[in-house]
Amino acid sequence: MVSTQQSGRVQGSTKFDIVIVGAGFAGLFALYYFRERGFSVKGFDEGGDVGGTWYWNRYPGARVDNESMEYSFSFSDEVEQQWSWTERYASQPELLRYFDYVANKFDLRKDIQFDTRVVSIVWDEAKDRWQIKTDRGNTVRAHFCVLATGLLSSPKRLEFRGMDAFKGDRYATARWPHTPVDFSGQRVGIIGTGSSGVQAIPHLAEQASHLTVFQRTPSYAIPSCNRLMDPDFQQLVKSRYAEVRRREALAFQGGVIKCDEITYGLPETSALKVSPAERIDEYERCWGSANFTFYWCYEDVLVNRRANETIGEFVRAKIRDKIDDPKVADRLTPSDYPIMTKRLCAESGYFETFNRDNVTLVSVKESPIEAITPKGVRVGGLEHKLDSLIYATGFDAMTGGITSIDIIGRRGLQIRQNWAIAGPRTHLGLMSAGFPNLFFVNGATSPSALFAPVMLAEFQIRWIAERIQDLKEKNKSSLEPTVAAEDLWISRCKEAADRTLLPFTDSWYMGANVPGKPRAILSYMGGFTSYQHLCSEAIANGYQEYA
Ligand code: NA7
């Protein structure tokens, strides 16, 4: 059971060295690490407990789609050795148990105020301090502010006509109730077939009397191949954890565990330089091992359309094989974007669900949702009557957690406005010009969405701690990147993305899932090794990239 320990309300002191927003992986490690270094630290989180995105995403079937043994903290040998995962891909409840264990072990909750949304963060020029206000009426001051607000934390705002008119029950996968929802005997509708929809739909179909799935873009989804953890393999990884973590840091997407095997080396071969038979063998292996191994089976699958298409073709055929009705198969098979340019989904029985008599697939691509009505959803003049409607419509990814706070830096500069025209402006995804002593973890234009968020968070938080320590030693009060350094970083991110196929697709990687959001790559795609090097270089020459 997740403990319900009292959280640390802001009593007494309202002045801190560091305020941390968010109590997911990044926020918890930040709290632990800064506190260990003697800083006074205060955390806030909108959720009622630790867990970040896993606190909120409690929908049926929610589980991580990275190997549990990699999607975990590496900062503590004890945690690595003492904690044992029960499944290859941890379910949301197991992830919450892990958070609870870590929070208890290091007594982290005492410095976090839960159920509290940070509403504004304003730089006080005269005092060189941030003033942080919350929706619970707290005002605190901090020398430094760390936004560990998560990359997929801010649900996308929707603008369907008549949304409030629906008389049935409404749910959002990203804000799921804490008590189980029983859909037995109900007509249920779900909008969205990204990772969340793909995970939830098979479970919903088993319960509902009828499930209607409203799909705009079909997803490329590969079998999750989840299963109970093999204790011998878990022991093997534990005995070599340091080495595994070192390898993860070198690997594309930060993963080296493939289906009960620790793999080494990066691909150096083009998909186009091997025979079709060899390629198919490799793709069969990837299909049977999941963990997104397709991303790193050949060196050019994300950069060369023809190479990419060899996987696309293979996966489309596999999808078609699973679906009985050819017309339904047509609609469920992606056709108009390169595979992996939207994040691959991991599925368990998703496609087969559409062979059930109680499931209807409604394509809303050509004929978008006209309105949400009091009784259901209207598409192409036809009303689909529903008792419950679920939104699995995604997130204002990478930037939403930051721009939903009123952040005002020097001379009244506002982050929300500053990023509204050409996309996020950061240096290394870590800081922004005009916002001194404000740090982002797993932020926009960092490698996070295409790397391993937990490993990146640990790296970035150590980097931030070094900067704060440096300032103290140099008796300086503030640090911020120059506009020129920011410009250079943004052009580097664009160049790295332009070498890939990602910019060709409308995805949350490109900010293209949110109407009105500037189209810009939201992740650095140059690799973690290069990123680490650039982070060191930025400060090596006497902080030349900083004002
Ligand atoms: P995603 O992957 O952004 O999926 C959202 C889904 O909702 C996707 O199928 C969208 O279709 C659909 N959507 C969004 N807005 C609409 C409207 N207006 N009409 C119809 N359909 C709509 O979010 P998830 O929560 O599933 O997954 C997010 C990440 O979490 C995932 O990538 C993993 O990293 C974990 P679209 O594709 O935009 O046509």
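One-based numbering, in listed order, for ligands and for the atoms of each. FYI, the numbering just counts along the sequence from 1.
At under 3.5 Å, a nitrogen or oxygen of Arg216, whether backbone or side chain, sits near a nitrogen or oxygen of ligand 1. Checking only distances, Phe160 never comes within under 3.5 Å of ligand 1, N or O to N or O. Taking any N or O of Asn513, backbone or side chain, none lies under 3.5 Å from an N or O belonging to ligand 1. Residue Lys342 has at least one nitrogen or oxygen atom sitting less than 3.5 Å from a nitrogen or oxygen atom of ligand 1, judged on distance alone.
Among protein heavy atoms, atom 14 (C) of ligand 1 sits closest to Lys156 NZ, 3.3 Å. Scanning the protein heavy atoms around atom 2 (O) of ligand 1, the nearest turns out to be Gly194 CA, 3.6 Å. Among protein heavy atoms, atom 31 (C) of ligand 1 sits closest to Ser195 OG, 3.4 Å. At the top of the distance list for atom 23 (O) of ligand 1, counting protein heavy atoms only, stands Gly394 CA, 3.2 Å. In terms of protein heavy atoms, atom 32 (O) of ligand 1 is closest to Trp508 NE1, 3.0 Å. Of all protein heavy atoms, the one closest to atom 25 (O) of ligand 1 is Ser196 OG, 2.6 Å. Closest to atom 39 (O) of ligand 1, if we only count protein heavy atoms, is Thr217 OG1, 2.5 Å. Among all protein heavy atoms, the one lying closest to atom 34 (O) of ligand 1 is Arg343 CD, 3.1 Å.
At a heavy-atom distance under 4.0 Å, only side-chain atoms of Leu152, from C-beta outward, approach ligand 1. Contact annotation for Ala392 and ligand 1: only backbone heavy atoms (N, CA, C, O) come within less than 4.0 Å of the ligand.
Residue pairs meeting the ring pair (Phe, Tyr, Trp, His ring centres under 6.0 Å) criterion with at least one member in residues 311-366, sequence neighbours excluded, are Tyr220-Tyr337, Tyr283-Phe314, Tyr350-Phe354. Sorted by first and then second residue, the salt bridge (charged side-chain N to carboxylate O under 4.0 Å, His left out) pairs involving residues 512-522 (not counting sequence neighbours) are Asp396-Lys517, Asp506-Arg519.
A salt bridge is absent between Arg492 and Glu495; no separation between the charged side-chain nitrogens and carboxylate oxygens falls under 4.0 Å. Ion pairing of Asp45 with Arg117 is absent here, as no side-chain N (NZ or NE/NH1/NH2) approaches a carboxylate O to less than 4.0 Å.
One side chain, Ser348 or Ser224, offers a donor N or O that lies under 3.5 Å from an acceptor on the other. A side-chain donor-acceptor contact under 3.5 Å links Ser72 and Arg245. In the model, Trp419 has no side-chain atom that pairs as donor or acceptor with a side-chain atom of Thr399 under 3.5 Å. Under the 3.5 Å distance criterion, with hydrogens and angles disregarded, no donor-acceptor pair is assigned to the side chains of Ser154 and Ser404.
Cation-pi check for Arg187 over Phe183 is not met; the charged atom does not lie both under 6.0 angstrom from the ring centroid and within 45 degrees of its normal.
Lys494 NZ: 12 or fewer foreign heavy atoms inside a 6.0 Å radius.
Near Gly192, meaning under 4.0 Å from one of its heavy atoms, ligand 1 places the atoms 6 (C), 7 (O), 9 (O), 12 (C).
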